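As structure tokens, the structure follows; a few thoughts come after it.
Since this is a predicted model, take the numbers as computed values, not measurements. Letters A, B, ... are given to chains in the order of the sequence lines, protein chains preceding strands, and every chain is numbered from 1.
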Number of protein chains: 2
Amino acid sequence: MQHICRTKEAPFLRTLAIINGKWKFRILYELACETTLRYGELKRNLAPITHKMLSDQLKDLAADDMIVRHIYPEVPPRVDYSLSPKGLTFLPIMVALCDWGKEHTAPSKT
Amino acid sequence: MQHICRTKEAPFLRTLAIINGKWKFRILYELACETTLRYGELKRNLAPITHKMLSDQLKDLAADDMIVRHIYPEVPPRVDYSLSPKGLTFLPIMVALCDWGKEHTAPSKT
DNA sequence: CTGAATCCCGTGCGATACTG
DNA sequence: CAGTATCGCACGGGATTCAG
């Protein structure tokens with residue numbers, strides 16, 4: 001009476017490879033909330049994330065086609081990020097994580 | 001036209017606090033597959049995880065009531081782990097991650 | 001066999017500086 | 001403003017030992 005079949009392990013590991021990383025979920029959540037955010041806005045919202053961390057993780061997510069980077073040919077430079085079509089397909093899972101937390105974890109006091 | 005409401009952020013962060021950690025998902029997956037596993041079996045299945053990592057993460061998951069530790073009063077000691085009721089409620093999300101991977105990631109070659 | 005504690009090394013990440 | 005590159009340290013986590 002197992003709950004998950006072993007044959008699903010490979011796809012599972014591939015999913016983990018994409019979303020593992022301390023900030024991946026946070027970034028995806030931000031973009032899910034705001035639809036599209038500039039680099040600086042992301043950094044502010046995710047403080048105290050560092051410059052390096054944010055750009056590294058954004059690069060990873062873009063490489064995995066979870067988010068799209070939109071570069072405006074302006075000066076000063078302006079870049080913003082939003083969920084890709086593939087990233088959008090991940091939304092139900094994000095919502096599920098929210099709902100699970102609401103159902104099964106206690107709010108912090110005060 | 002945002003996709004997720006900000007009010008869900010707190011529960012979302014609480015969920016992340018529980019399942020963030022390099023091996024948490026892997027451990028939950030193992031227990032979802034096998035229902036119940038001894039310490040040594042987990043270690044073998046998750047190789048090359050180290051002794052310290054595994055016991056630390058198991059302790060975390062047990063502290064968060066995601067898994068239950070069953071100690072047999074025997075010698076030599078025998079301990080096994082399985083999903084708690086709370087851990088079982090997380091199964092749909094695990095399945096969703098599997099399915100998402102199957103749908104949106106490419107199998108590795110060979 | 002499982003688990004706690006110690007020690008110590010490698011590297012992930014923070015800080016900083018530089019480019020466009 | 002956004003992004004890359006470099007350097008150096010802290011700390012995560014690997015190896016090992018001891019206990020029950």
Between [N] atom [atom2] and [X] atom [atom1], what is the distance in whole Å?
{"X": "Lys24(A)", "N": "dC13(C)", "atom1": "NZ", "atom2": "P", "value": "11 Å"}
{"X": "Asp56(A)", "N": "dG12(C)", "atom1": "CG", "atom2": "C1'", "value": "10 Å"}
{"X": "Arg38(A)", "N": "dG3(D)", "atom1": "CZ", "atom2": "P", "value": "10 Å"}
{"X": "Lys43(B)", "N": "dT2(C)", "atom1": "NZ", "atom2": "C1'", "value": "12 Å"}
{"X": "Arg78(B)", "N": "dG3(C)", "atom1": "CZ", "atom2": "P", "value": "12 Å"}
{"X": "Leu54(B)", "N": "dT2(C)", "atom1": "CG", "atom2": "C1'", "value": "10 Å"}
{"X": "Ile71(A)", "N": "dA2(D)", "atom1": "CD1", "atom2": "C1'", "value": "9 Å"}
{"X": "Lys59(A)", "N": "dC13(C)", "atom1": "NZ", "atom2": "P", "value": "14 Å"}

For this session: Please lay out, stage by stage, how Arg6(B) and Glu30(A) fare under the test salt bridge (Lys or Arg N to Asp or Glu O under 4.0 Å).
Result: CA-CA 9 Å; Arg6(B) 272 288 172 193; Glu30(A) 285 301 315; 2.7 Å; yes
Problem set entry | CG-CH2 distance between Leu16(A) and Trp23(B), expressed to the nearest 0.5 angstrom | 10.5 Å
Exercise. Are any side-chain N or O atoms of Tyr81(A) and backbone N or O atoms of Leu31(A), one a donor and one an acceptor, separated by less than 3.5 Å?
Worked result: no
Problem set entry | Expected output: side-chain Lys24(B) to main-chain Asp60(B) donor-acceptor under 3.5 Å | no
Exercise. Among His51(A), Arg44(A), Arg69(A), Arg78(A), which one satisfies side chain to side chain contact (heavy atoms under 4.5 Å, CB included) with Tyr39(A)?
Worked result: His51(A)
For this session: Indicate whether OP1 or OP2 belonging to dA2(D) is found under 4.0 Å from a side-chain N or O atom of Arg69(A).
Result: no
Distances for protein N or O near nucleotides 9-20 of chain D N or O, under 3.5 Å:
from: dG14(D); atom 1: OP2; to: Thr50(B); atom 2: OG1; distance (Å): 2.4

For this session: Please check if atom NZ in Lys102(A) has more than 12 non-hydrogen atoms from other residues, nucleotides or ligands closer than 6.0 Å.
Result: no
Seminar exercise, completed: Winner on side-chain proximity to Tyr81(A), out of dC1(D), dG3(D), dA4(C), is dG3(D)
